[in-house]
A.B. asks: 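Input: one structure, supplied below.
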Amino acid sequence: MTTAFFSDERCFWHGGGNYAFTLPVAGLVQPMPGGLPENPETKRRLRNLIEVTGLTRHLSMRSADPATQEDLLRVHPESYLSAFKATSDAGGGELGLRTPFGAGGYEIAALSAGLAKAAVRAVLTGEARNAYALSRPPGHHCTADFPNGFCLLNNIAVAIRSAQADGLARRVAVLDWDVHHGNGTEAIFWDDPDVLAISLHQERNYPLDTGGVEAMGGPNALGANLNLPLPPGTGHQRYLYAMERVVLPALERFQPDAIIVACGFDAAAVDPLGRMLCTAETFRILTRMVMEAADRLCDGRLTLVHEGGYSEVYVPFCGHAVLEELSAAPVSAPDPLAATLARRQPDARFDAFVRGWIDEAAVALGL
């Protein structure tokens with residue numbers, strides 16, 4: 001079996017809205033090339049890089065059908081889907097917060113969710129050893145009825161509910177290492193004991209009012225939602241320590257049937273929306289660690305679904321490192337910033353501070 005890679009050029013055509021970085025263009029805010037940080041180039045350049053290096057020859061390259069209305073209704077209410085479709089058909093607009101889209105935006109978002117659904121299904125049916133979905137638009141900030149933070153449908157939630165409905169899995173663990181809190185995933189599965197949602201994120205980045213350690217799930221699922229907010233500058237070694245101290249014990253305790261990673265690369269050191277100092281090697285080793293956990297706990301059933309990451313130069317190298325690890329391919333794309341970023345990692349005092357921070361959180365989470 002191989003690593004399946006799901007993508008579709010149509011997902012790169014998603015766009016709309018007149019933004020300058022995260023600000024609507026108005027008054028003294030001037031237009032700027034590219035608009036929102038969530039633009040096609042980080043994802044397209046990742047796919048370009050794996051083609052140029054030859055890594056695609058070691059992957060099963062696929063597309064997928066859009067998620068169906070039935071798929072979407074398992075997560076999102078009809079009222080939201082109808083408003084989204086009507087606005088999309090009328091030429092586009094914006095619902096929620098920082099989620100502009102153009103004509104056809106509904107169909108592209110459904111395709112993005114369909115890529116995630118197909119990737120999870122390929123793993124659960126044994127068609128692929130593991131899988132990566134290059135979904136766009138992303139999904140982890142979208143709640144059932146409120147799109148925000150560039151996310152219009154919750155791709156991973158749609159994939160999970162589809163798999164559960166078809167009896168392919170019951171207990172699913174979601175590990176979100178995007179730099180921003182996975183508030184949409186948290187909200188959708190808040191009171192569901194069959195879905196463990198773990199979010200590693202920069203403290204009080206986005207959203208400002210969610211992601212605290214104390215948010216541990218609803219009355220029927222206490223302990224099935226785990227947040228680990230980390231201080232800015234956490235960096236490579238501390239991320240690995242967070243995995244060892246919090247994530248791996250939580251997965252062992254939960255005993256999932258499958259693991260899905262909300263794979264954002266915005267914790268990388270040069271990302272414009274994060275301050276976490278991770279490197280391509282960080283993401284490679286995080287992937288190795290979660291692969292080993294999946295091998296122990298659920299016969300290796302692991303799917304990664306692309307979320308954030310806004311450095312057009314660096315995201316492709318982070319993604320390539322992850323795909324090298326998933327596929328065990330004899331292909332590499334050396335990190336051009338490795339030497340520079342190695343010199344920017346925190347000193348021993350900050351290292352001790354962050355490890356203590358993680359230890360305190362682990363105790364609060366009962367780990």
Side-chain angles (χ1 to χ4, degrees), residues 2-9 11-12 14 37-63 112 115-116 119-120 122-123 128-140 150 155-156 175-180 200 236 239 259-274 276-291 302-338 341:
T2 60
T3 294
F5 183 86
F6 289 82
S7 68
D8 195 293
E9 175 64 27
C11 285
F12 304 143
H14 163 64
E38 203 293 298
N39 67 67
E41 287 311 299
T42 52
K43 290 80 177 175
R44 183 179 276 132
R45 287 166 66 102
L46 168 56
R47 197 175 69 180
N48 290 347
L49 183 61
I50 66 174
E51 290 175 357
V52 168
T53 63
L55 184 54
T56 53
R57 294 195 293 272
H58 302 272
L59 306 173
S60 176
M61 303 293 291
R62 309 181 187 185
S63 183
S112 182
L115 295 176
V120 170
V123 172
R129 181 176 64 245
N130 50 49
Y132 193 102
L134 191 61
S135 294
R136 179 177 184 266
H140 74 144
F150 318 143
N155 303 322
I156 287 175
L175 168 58
D176 188 332
W177 63 48
D178 189 286
V179 82
H180 306 109
L200 306 183
H236 176 79
Y239 259 80
I259 299 172
I260 302 174
V261 175
C263 184
F265 293 117
D266 35 14
V270 294
D271 197 273
L273 296 184
M276 296 306 274
L277 292 179
C278 290
T279 68
E281 187 66 12
T282 310
F283 293 107
R284 181 196 307 278
I285 299 178
L286 292 178
T287 301
R288 183 180 306 161
M289 295 171 82
V290 76
M291 287 176 70
L302 173 66
T303 307
L304 279 67
V305 179
H306 198 100
E307 292 286 352
Y310 308 102
S311 169
E312 296 174 13
V313 170
Y314 201 49
V315 162
F317 291 95
C318 295
H320 200 286
V322 165
L323 289 162
E324 288 173 40
E325 196 67 30
L326 282 176
S327 63
V331 176
S332 65
D335 180 356
L337 292 176
L341 297 182

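Values below: every heavy atom of this structure, side chains too, minus hydrogens, waters and symmetry copies.
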A.B. asks: Taking all atoms of both residues into account, what is the closest heavy-atom pair of Val315 and Gly309, and its distance?
C.D. replies: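 Smallest interatomic distance, heavy atoms only, reads CG2-C, 3.6 Å.
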A.B. asks: Answer yes or no: is there a donor N or O on one side and an acceptor on the other, between the side chain of Asn48 and the main chain of Glu41, under 3.5 Å?
C.D. replies: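 No, Asn48 side chain to Glu41 backbone: no donor-acceptor pair under 3.5 Å.
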A.B. asks: Any chance you could measure Leu134, atom CG, to Arg47, atom CZ, to the nearest 0.5 Å?
C.D. replies: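 So the CG of Leu134 and the CZ of Arg47 are separated by 7.5 Å.
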A.B. asks: Under the 3.5 angstrom rule, does the side chain of Asp266 hit a backbone N or O of Val179 as a donor-acceptor pair?
C.D. replies: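 Yes; at least one donor-acceptor contact below 3.5 Å.
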A.B. asks: Mind listing the closest non-hydrogen atom pair of Leu302 and Val290 along with its distance?
C.D. replies: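 Of all heavy-atom pairs spanning Leu302 and Val290, the closest is CD2-CG1, 3.9 Å.
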A.B. asks: Return the set of residues passing side chain to side chain donor-acceptor pair (under 3.5 Å) with His14 (not counting sequence neighbours), or none when no residue passes.
C.D. replies: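 Testing His14 for side chain to side chain donor-acceptor pair (under 3.5 Å), a comparison that skips the adjacent residues, returns none.
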A.B. asks: Find the distance between NE2 (His140) and CG (Asn155) and round it off to the nearest 0.5 Å.
C.D. replies: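 Answer for the NE2-CG pair, His140 versus Asn155, is 10.5 Å.
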A.B. asks: For Asp335, check side chain to side chain donor-acceptor pair (under 3.5 Å) against everything at least two apart and list the hits.
C.D. replies: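 Once residues adjacent in sequence are excluded, the partners of Asp335 under the side chain to side chain donor-acceptor pair (under 3.5 Å) criterion are Tyr314.
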A.B. asks: So, taking the atom named CG in Leu200 and the one named CG in Leu286, what distance separates them when rounded to the nearest 0.5 Å?
C.D. replies: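 With rounding to 0.5 Å, CG (Leu200) is 8.0 Å from CG (Leu286).
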A.B. asks: Show your working on side chain to side chain contact (heavy atoms under 4.5 Å, CB included) between Ser311 and Thr42 and close with a plain yes or no.
C.D. replies: CA-CA 7 Å; Ser311 169; Thr42 52; 5.7 Å; no
A.B. asks: Would you please name every residue forming a side chain to side chain contact (heavy atoms under 4.5 Å, CB included) with Val120, sequence neighbours left out?
C.D. replies: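 So Val120 forms a side chain to side chain contact (heavy atoms under 4.5 Å, CB included) with Leu124, Ala159, Ala163, Ile260, Thr303.
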A.B. asks: If every non-hydrogen atom of Leu55 is compared with every non-hydrogen atom of Ala329, which pair is closest and at what distance?
C.D. replies: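 That would be CD1-CB, 3.4 Å.
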A.B. asks: With sequence neighbours left out, what residues match Arg57 under salt bridge (charged side-chain N to carboxylate O under 4.0 Å, His left out)?
C.D. replies: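 With sequence neighbours excluded, Arg57 shows a salt bridge (charged side-chain N to carboxylate O under 4.0 Å, His left out) to no residue whatsoever.
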A.B. asks: To check you understand the geometry: which heavy-atom pair defines the closest contact between Phe6 and Ala122, and what is its length?
C.D. replies: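 Shortest heavy-atom separation between Phe6 and Ala122 comes out as CZ-CB, 4.1 Å.
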A.B. asks: Side chain to side chain contact (heavy atoms under 4.5 Å, CB included) for Trp177 and Val261? Distances and angles first, verdict last.
C.D. replies: CA-CA 7 Å; Trp177 63 48; Val261 175; 3.7 Å; yes
A.B. asks: Nearest 0.5 Å, what's the OG1-CG distance between Thr3 and Leu323?
C.D. replies: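 Spacing of OG1 (Thr3) from CG (Leu323) equals 7.5 Å.
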A.B. asks: If we only count heavy atoms from C-beta on, is the Leu46 to His306 side-chain gap below 4.5 Å?
C.D. replies: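 In short, these two side chains touch, coming nearer than 4.5 Å.
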A.B. asks: Taking side chain to side chain contact (heavy atoms under 4.5 Å, CB included) as the test, write out the residues that go with Leu49, two or more places apart.
C.D. replies: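 For Leu49 the side chain to side chain contact (heavy atoms under 4.5 Å, CB included) partners, ignoring immediate neighbours, are Thr53, Pro316, Phe317, His320, Ala333.
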A.B. asks: Could you give the distance from OG (Ser327) to CG (Leu59), rounded to the nearest 0.5 Å?
C.D. replies: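 These two atoms lie 5.0 Å from each other.
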A.B. asks: Please list, chain by chain and in numerical order, all residues satisfying salt bridge (charged side-chain N to carboxylate O under 4.0 Å, His left out) with Glu312, sequence neighbours excluded.
C.D. replies: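 For Glu312 there are no salt bridge (charged side-chain N to carboxylate O under 4.0 Å, His left out) partners, ignoring immediate neighbours.
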A.B. asks: Which residues satisfy the side chain to side chain contact (heavy atoms under 4.5 Å, CB included) test with Val322, sequence neighbours excluded?
C.D. replies: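 So Val322 forms a side chain to side chain contact (heavy atoms under 4.5 Å, CB included) with Tyr132, Phe265, Phe283, Thr287, Leu304, Leu326.
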A.B. asks: Kindly give the heavy-atom pair with the smallest separation between Glu307 and Pro138, and that separation in Å.
C.D. replies: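 Where Glu307 meets Pro138 most closely, the heavy atoms are OE1-CB, 3.4 Å.
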A.B. asks: Mind checking side chain to side chain donor-acceptor pair (under 3.5 Å) for Asp271 and listing every partner two or more places apart, or none if nothing turns up?
C.D. replies: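 For Asp271 there are no side chain to side chain donor-acceptor pair (under 3.5 Å) partners, ignoring immediate neighbours.
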A.B. asks: Using 0.5 Å steps for rounding, measure from the CE atom of Met291 to the CD atom of Glu325.
C.D. replies: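 Going from the CE atom of Met291 to the CD atom of Glu325 covers 6.0 Å.
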A.B. asks: What residues form a salt bridge (charged side-chain N to carboxylate O under 4.0 Å, His left out) with Arg45, not counting sequence neighbours?
C.D. replies: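 Not a single residue meets the salt bridge (charged side-chain N to carboxylate O under 4.0 Å, His left out) criterion with Arg45.
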A.B. asks: So which heavy atom on Ser112 is nearest to which on Pro137, and how close?
C.D. replies: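 Scanning both residues, the minimum pair turns out to be OG-O, 2.8 Å.
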A.B. asks: Kindly write out the residues that satisfy ring pair (Phe, Tyr, Trp, His ring centres under 6.0 Å) with Phe150, not counting sequence neighbours, or none if the list is empty.
C.D. replies: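 If we apply the ring pair (Phe, Tyr, Trp, His ring centres under 6.0 Å) test to Phe150, skipping adjacent residues, the hits are Tyr310.
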A.B. asks: Could you check Glu324 against His58 for side chain to side chain contact (heavy atoms under 4.5 Å, CB included), going step by step and ending with a plain yes or no?
C.D. replies: CA-CA 9 Å; Glu324 288 173 40; His58 302 272; over 6 Å; no
A.B. asks: Run Ile50 and Met61 through side chain to side chain contact (heavy atoms under 4.5 Å, CB included) and show every step you take.
C.D. replies: CA-CA 11 Å; Ile50 66 174; Met61 303 293 291; 4.2 Å; yes
A.B. asks: Tell me, please, which residues at least two apart from Arg129 pass salt bridge (charged side-chain N to carboxylate O under 4.0 Å, His left out).
C.D. replies: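 Once residues adjacent in sequence are excluded, Arg129 has no partner under the salt bridge (charged side-chain N to carboxylate O under 4.0 Å, His left out) criterion.
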A.B. asks: Under the side chain to side chain contact (heavy atoms under 4.5 Å, CB included) rule, collect the residues that match up with Glu281, sequence neighbours excluded.
C.D. replies: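 Per chain and number, Glu281 pairs via side chain to side chain contact (heavy atoms under 4.5 Å, CB included) with His236, Thr279, Arg284, Ile285.
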